[in-house]
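Right, one structure below, let's go through it.
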Protein chains: 2
Amino acid sequence: MVEKNLNSTLAFALLGLIGDEARSGYDLRKFFSSTPMTSFSDSPGAIYPALRRLERSGLIRGEADSRRGSRRRTLFRLTARGRAEFRRWQGQPIVRDDVVRRVDELMLRFAFMDQFAGRTSGLKFLKAFQNELATYIPDLRIYLRSNRAHMPLSGRLALESGILGYETLYRWTKVAIAAYRSKGENR
Amino acid sequence: MVEKNLNSTLAFALLGLIGDEARSGYDLRKFFSSTPMTSFSDSPGAIYPALRRLERSGLIRGEADSRRGSRRRTLFRLTARGRAEFRRWQGQPIVRDDVVRRVDELMLRFAFMDQFAGRTSGLKFLKAFQNELATYIPDLRIYLRSNRAHMPLSGRLALESGILGYETLYRWTKVAIAAYRSKGENR
DNA sequence: TAGTCCATGTAAGATGTTACATGATTCA
DNA sequence: TGAATCATGTAACATCTTACATGGACTA
């Protein structure tokens, strides 16, 4: 059995990146601070303990880097269990609560689709995502319609911004599904 | 001096809602679970301790509700210091890091603009927000352009989704600024 | 050789999650 | 009177933030 629940989004971001190629804690920090994956913290107090936990759970394994001179550094690689656990997380069903409170996590799951799962999984994910958006957006619209009269302007605008964001996501799923389909054809 | 840092977004969400009208912990939980402000947790283990901390800091004050029969419940109201602290938080400058990692918090700040600050503050906020978006979006586009070749399709699509989201926000600031302007004229 | 970057870590503190618990009140 | 809902709480646990610390290696 897999030891614990392994909640944290950061942990999965680390697993995904390590799955792409072997990386050290420092590499991961640099990645978070220098690419658009900046939404994750590059603080050592978050990353090094997280790597420890992943190693203790047997999802990654670290070994001293022997290349070059060189400075002491530990390169981490995914274990078979780590890869399986990542896939399990990626393949979970998409529920309303994911769309409402964890869009970032959904995007992270999708971002590593090609490396860990196949084109079919990617398509399945996008369709499920689109489906949840299609049931959530009307609920937001209904709430707006029945409350807009007694909402302050700023509150109403903030809500509208949220709705626009979800509608943009919805349109994105259509584009993404089309991209996956044409990718498949080109093979 | 204000005792502590008072980081948590949840704490400010509570302050904002209590500022609108006196509410109990249960009211707040219901609000989070039944409106689009669902991004906040409605769990008692988060809300009741947070209310305690706010009361201990002197930002809210609770008193037993005497209306009706009735069940014991504590109604919280903002204190003058609570209102001032909320305004301080709302009025902080908007920096790149807010746009990159704390859009939700920015939206929360804006959502309560009308109740806590004036139309001028709202406009100022929107312009600063727009400005930060205008400098961030090109950076994302540059990153995409120079990395798209060696990115997997899913990763590239995830990044594009992020960019689309920020572009939607940018267009929203224009709409919101226009709405504020016409609101001012109508007065 | 002095400063900067590489590379990893720890400690204190705050916050949030999950799960459990408790009683009172309303309603069927 | 039994079930559902109101209303508040606590305990254990994990995680993250902030700040500090260390030492080796490169470079000017």
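A note on names: the letters A, B, ... follow the listed sequences, proteins ahead of strands, and every chain is numbered from 1.
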message: Using every non-hydrogen atom in the two residues, find where B/R141 and B/E167 come nearest and quote the distance to one decimal.
response: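 So the minimum-distance heavy-atom pair works out to NH2-OE2, 2.9 Å.
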How long is the line joining [atom1] of [X] and [atom2] of [N], in whole Å?
| X | N | atom1 | atom2 | result |
| --- | --- | --- | --- | --- |
| A/L28 | D/dC16 | CG | P | 14 Å |
| A/D42 | D/dT17 | CG | C1' | 12 Å |
| A/F12 | D/dC16 | CZ | P | 12 Å |
| A/I47 | D/dT18 | CD1 | P | 14 Å |
| B/L75 | D/dA7 | CG | P | 10 Å |
| B/D104 | C/dG16 | CG | P | 14 Å |

Of all the choices, [options], which nucleotide is nearest to the side chain of [X] once you look at every atom?
| X | options | answer |
| --- | --- | --- |
| A/R52 | C/dG9, C/dT15, D/dT10 | C/dG9 |
| A/R29 | C/dG9, C/dT8, D/dT8 | C/dT8 |
| A/S24 | C/dT17, C/dT8, D/dT17 | C/dT8 |
| B/R72 | D/dT8, C/dG16, C/dT8 | D/dT8 |
| B/Y26 | C/dG16, D/dT17, D/dC6 | D/dC6 |
| B/R53 | D/dT8, C/dT15, D/dC16 | C/dT15 |
| A/L10 | D/dC16, C/dT8, D/dG9 | D/dC16 |

query: Could you state the interatomic distance from CZ (B/F86) to CZ (B/F112), rounded to the nearest 0.5 Å?
result: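 Answer rounded to 0.5 Å: 5.5 Å.
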message: OP1 or OP2 of C/dA14 versus the side-chain N and O atoms of B/S8: is any pair under 4.0 Å?
response: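 Result: no.
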field: Nearest-nucleotide comparison on DNA chain D, the residue closer to the 5′ end among B/F76 and A/S43
entry: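 Going by which nucleotide is closer to the 5' end, it is B/F76.
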- prompt: 5'-most contact on DNA chain D: B/R101 or B/K30, nearest heavy atom basis?
  reply: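 The residue whose closest nucleotide sits nearer the 5' end is B/K30.
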message: Please classify the nucleic acid contact of A/G45 as base, sugar-phosphate, or nothing, using heavy-atom distances under 4.0 Å.
response: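 Since a base atom lies under 4.0 Å of A/G45, the category is base.
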message: Against A/V103, only a single residue in A/L108, A/D98, A/L133, A/L169 fulfils side chain to side chain contact (heavy atoms under 4.5 Å, CB included); can you say which?
response: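 Considering A/L108, A/D98, A/L133, A/L169, a side chain to side chain contact (heavy atoms under 4.5 Å, CB included) with A/V103 is found only for A/L169.
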query: Is the cationic atom of B/R23 (NZ for Lys, CZ for Arg) positioned less than 6.0 Å from the six-membered ring centroid of B/F31 and within 45 degrees of its normal?
result: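 Judged by the rule (NZ or CZ under 6.0 Å from the ring centre, within 45° of its axis), B/R23 counts as positioned above B/F31.
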